[in-house]
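Residues: numbered from 1 along the sequence shown.
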Amino acid sequence: MDVAHCYLEGNADAVEFCLHDGYQHVLAASTYTLQEGEQPIRAGSISLFDVNAEKGNLELFHRVDTAGIFEIKWSTVGSNVGPLLAQADADGYLRIYSLEGCSNEEKPRGGFLNEVCGEKISFSMCLFLDWNPAATSISVGLSDGSVSITTLAESKIEKLQEWKAHDFELWTTCFDIHQPQLVYTGSDDCKFSCWDMRDNPSGMVFQNSKVHKMGVCCIAKSPTDPNTILTGSYDEYLRVWDLRCISRPVNETSVCLGGGVWRIKHHPFVSGLVLAACMHNGFAIVKIGDEKPEVVEAYSQHGSLAYGADWQRAKLLPGGSTIVATCSFYDRLLRVWRPKSDFCCI
């Protein structure tokens, strides 16, 4: 059921609900717009919204212009500091913002992003980022196939190490939340890899180059099962891997979602339930269980490339549903909606 929608100032590519208690009503949405010409400009923005599903409200309260953004991500709750929002952009910068003046009281709400630090970490474009569980390090995927591991200390970004992990664009990187010394990467070269950061440069734990028929777009470790990891690919398949054989994923099951699987997000409360952005085929909610993955709900209210998707971390609504935010690229559309499914019965 649709709750609210709006149009952004640029091409919409990422949405992220804040993870931190007291701020879970805050939704960030980012854009990337290529302004063509003799000297093309990649422009972007971050918009912050107050989401109140019960009242059907999606209220913009802050916007900042940026370089073209490929990914944004709120810091994990494991940190001792307040909410931080990280940005990976087309100019090769990693930027960190703090959320200021955003009261967690009923009124007033609002606030703004204050840039804590920003560092040009590469002459290549920063395509993706992921926080480690303690919110002390960020992994960044680069357009030249490298991955960069950075740390945030005393309001300064420092590069710990960087290595050439893939042959083409590195679209995704993911810390292992159960073994944070491991980081996973996926690329346009169709390879899915794992690296051990206790080595410098990081040593390869495994690399699978035979299963994905097209580029690997996203990777998501299960928050509840240390043996399960998911990958999404341009080849339209969401794959479920078993990691119990550390030398290589030994089992793999998959489901075709009818469009390139650009993003996958685990449900914050319901184990084995994921939200997928499927590019040319809208969005899907998929149940991952002992059997073959199964699509339990599809959402097709967008008219363009389905890129951004996230669950709100607030408590389950009556009926067992959780609020979802999604965005699509060329039509610049941001939607907030409530799935039809009763997750308590899945």
Closest non-hydrogen atom pair between Leu19 and Val77, with its separation
O-CG2, 3.5 Å
Could you tell me if the side chain of Phe128 sits less than 4.5 Å from the side chain of Lys73, heavy atoms only?
yes
Within the side chain of His5, is there an N or O that forms a donor-acceptor pair under 3.5 Å with the backbone of Leu333?
no
Within the side chain of Lys221, is there an N or O that forms a donor-acceptor pair under 3.5 Å with the backbone of Phe175?
no
Heavy-atom distance under 4.5 Å between the side chains of Leu182 and Asp196, does that happen here?
yes
Would you find a donor on one side and an acceptor on the other, under 3.5 Å apart, between the side chain of Ser124 and the backbone of Ser143?
no
Is the OH atom of Tyr299 crowded by more than 12 outside heavy atoms at less than 6.0 Å?
yes
Any chance the rings of Phe192 and Phe206 have centres within less than 6.0 Å?
yes
So, taking the atom named OG1 in Thr172 and the one named CG in Leu129, what distance separates them when rounded to the nearest 0.5 Å?
10.0 Å
Can any side-chain N or O of Asp235 pair as donor or acceptor with the backbone N or O of Lys213 at less than 3.5 Å?
yes
Applying side-chain contact (heavy atoms from CB on, under 4.5 Å) to His267 and Ile285, what does each step give before you reach the verdict?
CA-CA 9 Å; His267 193 284; Ile285 297 174; over 6 Å; no
Do the non-hydrogen side-chain atoms of Lys292 and Thr253 ever get within less than 4.5 Å of each other?
no
For residues 33-46, dump all side-chain donor-acceptor pairs below 3.5 Å to protein atoms at least two apart in sequence or in another chain.
from: Thr33; atom 1: OG1; to: Asn11; atom 2: N; distance (Å): 3.0
from: Arg42; atom 1: NE; to: Tyr32; atom 2: OH; distance (Å): 2.9
from: Ser45; atom 1: OG; to: Thr31; atom 2: OG1; distance (Å): 2.8

Smallest heavy-atom separation, Ala165 atom then Val147 atom, equals CB-CG1, 4.1 Å
Backbone N or O of Leu257 within a donor-acceptor pair of the Asn281 side chain at under 3.5 Å?
yes
If the threshold is 4.0 Å, N to carboxylate O, is there a salt bridge linking Glu16 and Arg263?
no
Report yes if the side chains of Glu236 and Cys256 come closer than 4.5 Å at any heavy-atom pair, otherwise no.
yes
Flag, side chain of Ser148 to backbone of Val140, donor-acceptor distance under 3.5 Å
no
If I take atom CH2 from residue Trp241 and atom OG from residue Ser254, how far apart are they, to the nearest 0.5 angstrom?
9.0 Å
Could you tell me which non-hydrogen atom of Cys327 sits nearest to which non-hydrogen atom of His302, and how far apart they are?
CA-CE1, 3.7 Å
Under 6.0 Å between the ring centres of Trp74 and Tyr23?
no
Interatomic distance, Glu297 atom CD to Phe283 atom CZ [nearest 0.5 angstrom]
13.0 Å
CZ (Arg198) and CD (Gln181) are apart, to the nearest 0.5 Å, by 4.0 Å
Is there side-chain contact between Leu160 and Ser137, with at least one heavy-atom pair below 4.5 Å?
yes
When you measure from the side chain of Gln312 to the backbone of Gln24, do you find a donor-acceptor pair of N or O atoms at a distance under 3.5 Å?
yes
Can you name the nearest heavy-atom pair linking Val324 to Trp311, along with the distance?
CG2-CE3, 3.6 Å
Measure across Ala86 and Leu94 and return the closest heavy-atom pair with its distance rounded to 0.1 Å.
CB-CD1, 4.5 Å
Looking at Asp91 and Lys120, is there a salt bridge between them, counting it only when a charged N and a carboxylate O are closer than 4.0 Å?
no
Would you check if Leu170 and Leu127 make a side-chain contact, meaning some heavy-atom pair closer than 4.5 Å?
no
Hydrophobic clustering (ILVMFWY, side-chain heavy atoms < 4.5 Å, transitive) - are Val211 and Tyr237 grouped together?
no
Can His178 and Ser222 be counted as having a side-chain donor-acceptor contact under 3.5 angstrom?
no
Would you find a donor on one side and an acceptor on the other, under 3.5 Å apart, between the side chain of Trp163 and the backbone of Ser202?
no
Exercise: identify the closest heavy-atom pair between Phe269 and Arg313:
CZ-O, 3.0 Å
Do Trp171 and Leu305 sit in one hydrophobic cluster, given that two such residues count as connected whenever their side-chain heavy atoms are within less than 4.5 Å of each other, even indirectly?
yes
Within the side chain of Asn114, is there an N or O that forms a donor-acceptor pair under 3.5 Å with the backbone of Val116?
no
Any side-chain to backbone donor/acceptor pair from His25 onto Ala314? Under 3.5 Å, distance only.
no
At what distance, to the nearest 0.5 angstrom, does NE2 of His62 lie from CZ of Phe112?
8.0 Å
Is there a path of hydrophobic side-chain contacts, each under 4.5 Å between heavy atoms of I/L/V/M/F/W/Y residues, joining Ile177 to Ile138?
no
Evaluate Cys218 against Val261 for side-chain contact (heavy atoms from CB on, under 4.5 Å), listing each step before the verdict.
CA-CA 7 Å; Cys218 53; Val261 184; 4.1 Å; yes
Could you walk me through whether Ile219 and Asp130 pass side-chain contact (heavy atoms from CB on, under 4.5 Å), step by step?
CA-CA 10 Å; Ile219 301 170; Asp130 188 43; over 6 Å; no
Would a single hydrophobic cluster contain both Phe70 and Leu84, if residues Ile, Leu, Val, Met, Phe, Trp and Tyr are joined by side-chain heavy-atom contacts under 4.5 Å?
no
If hydrophobic clusters are built by linking Ile, Leu, Val, Met, Phe, Trp and Tyr wherever their side-chain heavy atoms come under 4.5 Å apart, do Val3 and Phe49 end up in the same one?
yes
For Tyr93 and Cys126: C-alpha separation, side-chain torsions, deciding distance, then whether side-chain contact (heavy atoms from CB on, under 4.5 Å) applies.
CA-CA 7 Å; Tyr93 275 83; Cys126 295; 5.9 Å; no
Any side-chain heavy-atom pair of Leu142 and Glu162 under 4.5 Å:
yes
Quick check on Lys159: does its NZ atom have over 12 non-hydrogen neighbours (other residues, nucleotides or ligands) under 6.0 Å away?
yes
For a 4.5 angstrom cut-off between non-hydrogen side-chain atoms, does Thr322 reach Pro339?
no
Can you tell me how far apart CG (Leu99) and CG (Leu85) are? Round to the nearest 0.5 Å.
8.5 Å
